[in-house]
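Before any comments, here is the structure.
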2 protein chains.
Amino acid sequence: MLDRDRCLVRNFKHYCALDETEAELLAALEKTPQTVSNAQMLWEENHFAETLCVLSEGWACSYRSMDDGTRQILNIFLPGDVVGLSDFSPRRHLTSVAMLTEGVICRFPFKNLTDIFTTSPRLTTVLFSLAGQQQAIMAERLVNMGRRTAREKVAHFICEMHLRLRKTCPDITHRFNLPLSQQVLADVLGLSAVHVSRTFSELREEGLLYRERNRIEIPDLEAFYDVANFSDIYLGDSISELLKLIENDGSTLR
Amino acid sequence: MLDRDRCLVRNFKHYCALDETEAELLAALEKTPQTVSNAQMLWEENHFAETLCVLSEGWACSYRSMDDGTRQILNIFLPGDVVGLSDFSPRRHLTSVAMLTEGVICRFPFKNLTDIFTTSPRLTTVLFSLAGQQQAIMAERLVNMGRRTAREKVAHFICEMHLRLRKTCPDITHRFNLPLSQQVLADVLGLSAVHVSRTFSELREEGLLYRERNRIEIPDLEAFYDVANFSDIYLGDSISELLKLIENDGSTLR
DNA sequence: CGTCGGTTTGACCATACTCAAGGACTGTGG
DNA sequence: CCACAGTCCTTGAGTATGGTCAAACCGACG
């Protein structure tokens, strides 16, 4: 198995040492890689939820379609993310998920997840934390939608993406690739595509942000974070800290 | 221990049979009941997260404070809810939590949660599902904020509360108590208090919704659900169905 | 070279915000 | 029993942010 097929194992090793059993449990989630094209749907709203999946390569998003034909995007997924964790509770998917670029996904059945619950409390904890992180991202977006101007919304979202990408590619500084059209951004931020365009123009004229095709450039990060009122704590991954808590006093653990 | 002190056990029994060990694990979460007054804070944003808590009686909400003094409420908690599940990942609380009425809470340390992970895969599954449900509610609210008018927002939120309350008090029909001021509703919905007032007036004049103090009356539920574009699937608790899935093929379980 | 998706720009409009004043009700102390 | 403060709600007038519609543009790609 190639390393690029073991996104999750790599990801999790970042948080805690894995023994063989654990590595196997995780690797089991990525046993069925499958290439998918841009805009391909992984599943649809209301359909029976048979599998989750790991996004090994490419970008995806979950969304809800509205009656009037518009949609609200709820989450953007990056390589290494587990997609569908939040759809775990109801047996039907609450959201549709579609690719935003071409990529590689690995579907796996719920059963693998419950296997992890029964076998490894440590992995369970990490999974719980991952779900929590996704929720934190959504909470932040809720704040964004409710209490910020279009300008702040756009800036804040760019900051979020910038930071999330830096976590896996620490060499990113003030330039990065953002394969999202203005229509997609509008669907994320609850704005119209036209207004997103105007907002980009505004930011460009002020020299705060340049965007060309999918290329983003932020000349002065600090100034830009300021526009967005961006605070990064909600993305802080203190999972490893959390695990320490368990291991230190949790003699019952393994 | 009185039954009213074992909110969670009662709640969980709704989903699956509990053996003694499991009941004890859950009861452990409610060992330290504590009465709290209206508006009392359970914890504050950015503070070190030492405990979660079970809300045994009363209503509470989590929120994020903005620089300009306003706030965005993220979640409303009802009796029986576990508060802070989403704050599990980062060691600091990402949101403040305050009571909306007087009530009773039971704080418990993270350790209890990880104990459950190590001991009972079934409870773990249910907890995971509960976290998922809370996320589903937030997702729905995100849709609400991004893609609906003030009128729909207000109506939708009332519907959500109506349904959530009915789950624990099935005798509620078209009248119920909603102890939330218009300012609080505004903070939930990303509107101004003034506009919430106008919206209520509009709905009242159309005979769709009456509100007096904290009393809500919905003369025609179907018509009202229609105004809200409300679909109840996201609140459907299919946890029990999910557990069946585990038990049926999961011979490893217990 | 023409088509297509994505973007830009303008003109106009609507939804919801702000500010401000007044009203209704509750609880308090005289 | 009344005066008062305090909270919550209502209503009006003016404004602003962002939506809609429509046309033109631009670069990619067949």
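Residue numbers begin at 1 in each chain, while the letters A, B, ... track the order of the sequences.
- Under the 4.5 Å side-chain criterion, counting only non-hydrogen atoms from C-beta, A:Leu100 is not in contact with A:Phe77.
- With a 4.5 Å cut-off on side-chain heavy atoms, A:Phe108 and A:Glu30 do not count as touching.
- If you measure from atom CG of A:Leu185 to atom P of C:dG6, you get 12 Å, rounded to the nearest angstrom.
- Candidate nucleotides D:dA28, D:dT10, D:dG12 were compared by shortest atom distance to the side chain of B:Arg198, and D:dG12 ranks first.
- Heavy-atom neighbours of B:Glu102 CD from other residues, nucleotides or ligands within 6.0 Å: at or below the threshold of 12.
- Backbone-only engagement by A:Ser181 is indicated by non-hydrogen atom pairs under 4.0 Å involving sugar-phosphate atoms exclusively.
- We find that NZ of B:Lys153 is positioned 10 Å from C1' of C:dT15, with the value rounded to whole Å.
- Along DNA chain D, the nucleotide closest to A:Arg213 and the one closest to B:Arg213 are compared, and the more 5′ of them pairs with B:Arg213.
- Between B:Gln182 and the phosphate of D:dT7, there is no side-chain N or O to OP1/OP2 separation shorter than 4.0 Å.
- Put simply, A:Ser197 has a side-chain N or O that comes within less than 4.0 Å of OP1 or OP2 on C:dT8.
- In the set D:dG19, C:dA16, C:dG10, D:dG19 carries the atom at the smallest distance from any side-chain atom of A:His195.
- Spacing between atom CZ of A:Arg148 and atom P of D:dG18 amounts to 13 Å, rounded to whole angstrom units.
- One atom, CD of A:Gln183, and another, P of C:dC4, lie 19 Å apart when rounded to the nearest Å.
- Following rounding to the nearest Å, A:Asp187 (CG) and D:dG19 (P) show an atom-to-atom distance of 12 Å.
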List the steps and the verdict of salt bridge (charged side-chain N to carboxylate O under 4.0 Å, His left out) for B:Glu140 and A:Arg64.
-> CA-CA 9 Å; B:Glu140 192 60 28; A:Arg64 290 273 315 277; 2.3 Å; yes

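- Nearest-nucleotide assignment on DNA chain D puts the 5′-proximal partner with B:Asn214, out of B:Asn214 and A:Ser192.
- With rounding to whole Å, B:Leu180 atom CG is found 14 Å from D:dC8 atom C1'.
- Relative to the ring axis of B:Phe200, B:Arg211 places its NZ or CZ within 45° and under 6.0 Å from the centre.
- Where A:Val196 and A:Arg147 each meet DNA chain C at their nearest nucleotide, the meeting point lying more 5' is that of A:Val196.
- Distances shown here put a side-chain N or O of B:Arg211 below 4.0 Å from the OP1 or OP2 atom of D:dC9.
- Between A:Arg151 atom CZ and D:dA16 atom P the separation is 17 Å, expressed in whole Å.
- The side chain of B:Arg204 places an N or O atom within less than 4.0 Å of a non-bridging phosphate oxygen (OP1 or OP2) of D:dT10.
- Between the C1' atom of D:dT17 and the CD atom of A:Glu152 lies a distance of 12 Å, rounded to the nearest Å.
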